[in-house]
2 protein chains.
Amino acid sequence: MPWEKQFNVDEALGKAMEAFWAHGYEATSMQDLVDCMGINRGSLYATFGDKRSLFVQALRRYDAIHRHDWAAAISRSRSPRQAIVGIFEDAIAVVLNTGTRKGCLLVNTALELSPHDDEVSRIVEHSFSEMETFFSGKIEAGQAIGEIPDTVDPTETSRALLSLFIGLRVLARSRPEEALLRSIAHQADAMIA
Amino acid sequence: MPWEKQFNVDEALGKAMEAFWAHGYEATSMQDLVDCMGINRGSLYATFGDKRSLFVQALRRYDAIHRHDWAAAISRSRSPRQAIVGIFEDAIAVVLNTGTRKGCLLVNTALELSPHDDEVSRIVEHSFSEMETFFSGKIEAGQAIGEIPDTVDPTETSRALLSLFIGLRVLARSRPEEALLRSIAHQADAMIA
DNA sequence: AAGGATCTTGAACGTTCGTTCCATACTCGG
DNA sequence: CCGAGTATGGAACGAACGTTCAAGATCCTT
């Protein structure tokens with residue numbers, strides 16, 4: 001009968017996710033992954049398959065934690081309008097508090113791999129689409145309770161908020177200045193006021 | 001005395017720019033560049049230096065043509081407000097007409113290299129900063145001739161437009177759907193109406 | 001206690017990477 | 001018309017790439 005793995009699979013995948021997040025797909029070598037995941041080459045291939053397969057698993061995990069779970073958590077504790085604003089504010093807070101320039105793995109991947117990899121493209125598209133739905137759903141819910149004006153078009157505005165949010169993530173990685181980021185969050189709020 | 005080069009340096013650099021634009025820095029090999037530039041390895045190194053140096057030259061060239069010259073051309077033929085809208089519309093037109101998913105080399109680079117390369121980061125920051133200045137300048141000019149309401153804050157709005165524009169470029173590369181892109185341009189217009 | 005199944009380990013694979021170098025082709029001033 | 005000097009073409013470099021594999025270590029079942 002099998003011998004249990006000596007490492008935590010989820011934990012190792014989390015380390016891989018961080019590496020891809022920080023350096024991108026191409027710039028992260030298998031040696032980098034072996035080092036940062038703390039497991040052996042053989043174990044890595046036996047558990048996660050090849051590099052691309054590992055990346056896809058890391059990307060799905062990122063989407064689950066940093067998009068799905070995050071949106072769900074914010075929905076639980078805030079009103080519709082405050083949930084929208086909160087998404088922007090939280091993203092900014094991470095940049096300012098941690099000082100990291102990792103941005104968002106999904107956005108990074110949208111540029112690096114989406115144009116050339118169909119499976120990856122589908123994951124990114126689905127995630128972006130869900131973000132859009134999150135925004136439009138919140139707008140409609142906010143309008144239902146009178147928190148957001150009826151003059152706001154849920155479809156058009158949710159797409160603009162998605163674009164604004166993606167822009168924020170790009171700038172957070174390339175030009176992480178507080179005033180700049182805050183202006184963007186402020187304008188997002190103005191769109192639904 | 002020297003023997004003149006048998007290839008056009010500007011033309012070759014243009015080909016390199018296209019390659020980096022389409023596939024990114026890491027995913028473009030020197031062999032790819034030798035093939036697409038149509039010149040020999042030796043000539044390539046003698047003329048442009050190493051890979052990173054070639055990339056920086058290609059990036060500067062991209063910035064000159066697709067940001068500086070483009071903004072200048074649009075400023076010449078349109079009113080301030082129409083210049084802002086035109087930037088968004090032109091970007092969309094390129095996606096829809098050519099069907100390419102290259103996005104914008106500066107935005108692609110902001111994610112792939114900016115966090116890890118200071119010189120590249122400075123080029124990208126300068127370019128983004130100039131875009132911001134373009135927007136705020138147009139807003140003020142539009143306000144001066146009564147084309148844009150005085151209630152619009154030039155500083156805040158120009159930053160939001162920059163973020164919106166960057167988001168558009170990301171989506172153009174990962175999810176090039178006409179309705180989505182048009183909504184973003186429409187909301188950009190609404191910001192200055 | 002022994003056998004078998006799985007995980008671990010690290011060396012090794014062939015390929016591709018970015019880069020260098022040299023013999024050859026060529027132009028132009030003397 | 002010849003020699004100085006640059007561009008060209010392609011072979012070759014060592015390093016790093018992603019991937020595979022065989023041998024040893026470990027635990028569970030019988």
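Letters A, B, ... are given to chains in the order of the sequence lines, protein chains preceding strands, and every chain is numbered from 1.
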C:dC17 phosphate, OP1 or OP2: any side-chain N/O from B:Ser29 under 4.0 angstrom?
->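 Yes, within the criterion.
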Should B:Ser43 be listed as having a side-chain N or O under 4.0 Å from OP1 or OP2 of D:dT8?
-> yes
Earlier contact from the 5' end, DNA chain D, for A:Tyr25 and A:Gly42 |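 With A:Gly42 and A:Tyr25 compared, the 5'-side residue is A:Tyr25.
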Quick one: [X] [atom1] to [N] [atom2], roughly how many Å, whole number?
X       : N      : atom1 : atom2 : answer
B:Met30 : C:dT15 : CE    : P     : 22 Å
B:Arg41 : D:dG10 : CZ    : P     : 12 Å
A:Leu54 : D:dG18 : CG    : C1'   : 12 Å
B:Arg52 : C:dT19 : CZ    : P     : 11 Å
A:Asp32 : D:dA15 : CG    : P     : 18 Å
A:Phe48 : C:dC7  : CZ    : C1'   : 14 Å
B:Lys51 : C:dT20 : NZ    : P     : 15 Å
A:Ile39 : C:dC7  : CD1   : P     : 12 Å

Do the side chains of B:Asp189 and B:Ile192 get nearer than 4.5 Å, heavy atoms only?
->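 The answer is yes; the side chains approach within 4.5 Å.
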Base, sugar-phosphate, or nothing: which does A:Thr28 touch, judged by heavy atoms less than 4.0 Å apart?
->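 The residue A:Thr28 makes sugar-phosphate contact but no base contact.
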Compare every heavy atom of B:Leu106 with every heavy atom of B:Ser127, then report the nearest pair and how far apart it is.
-> OG-CD1, 3.1 Å
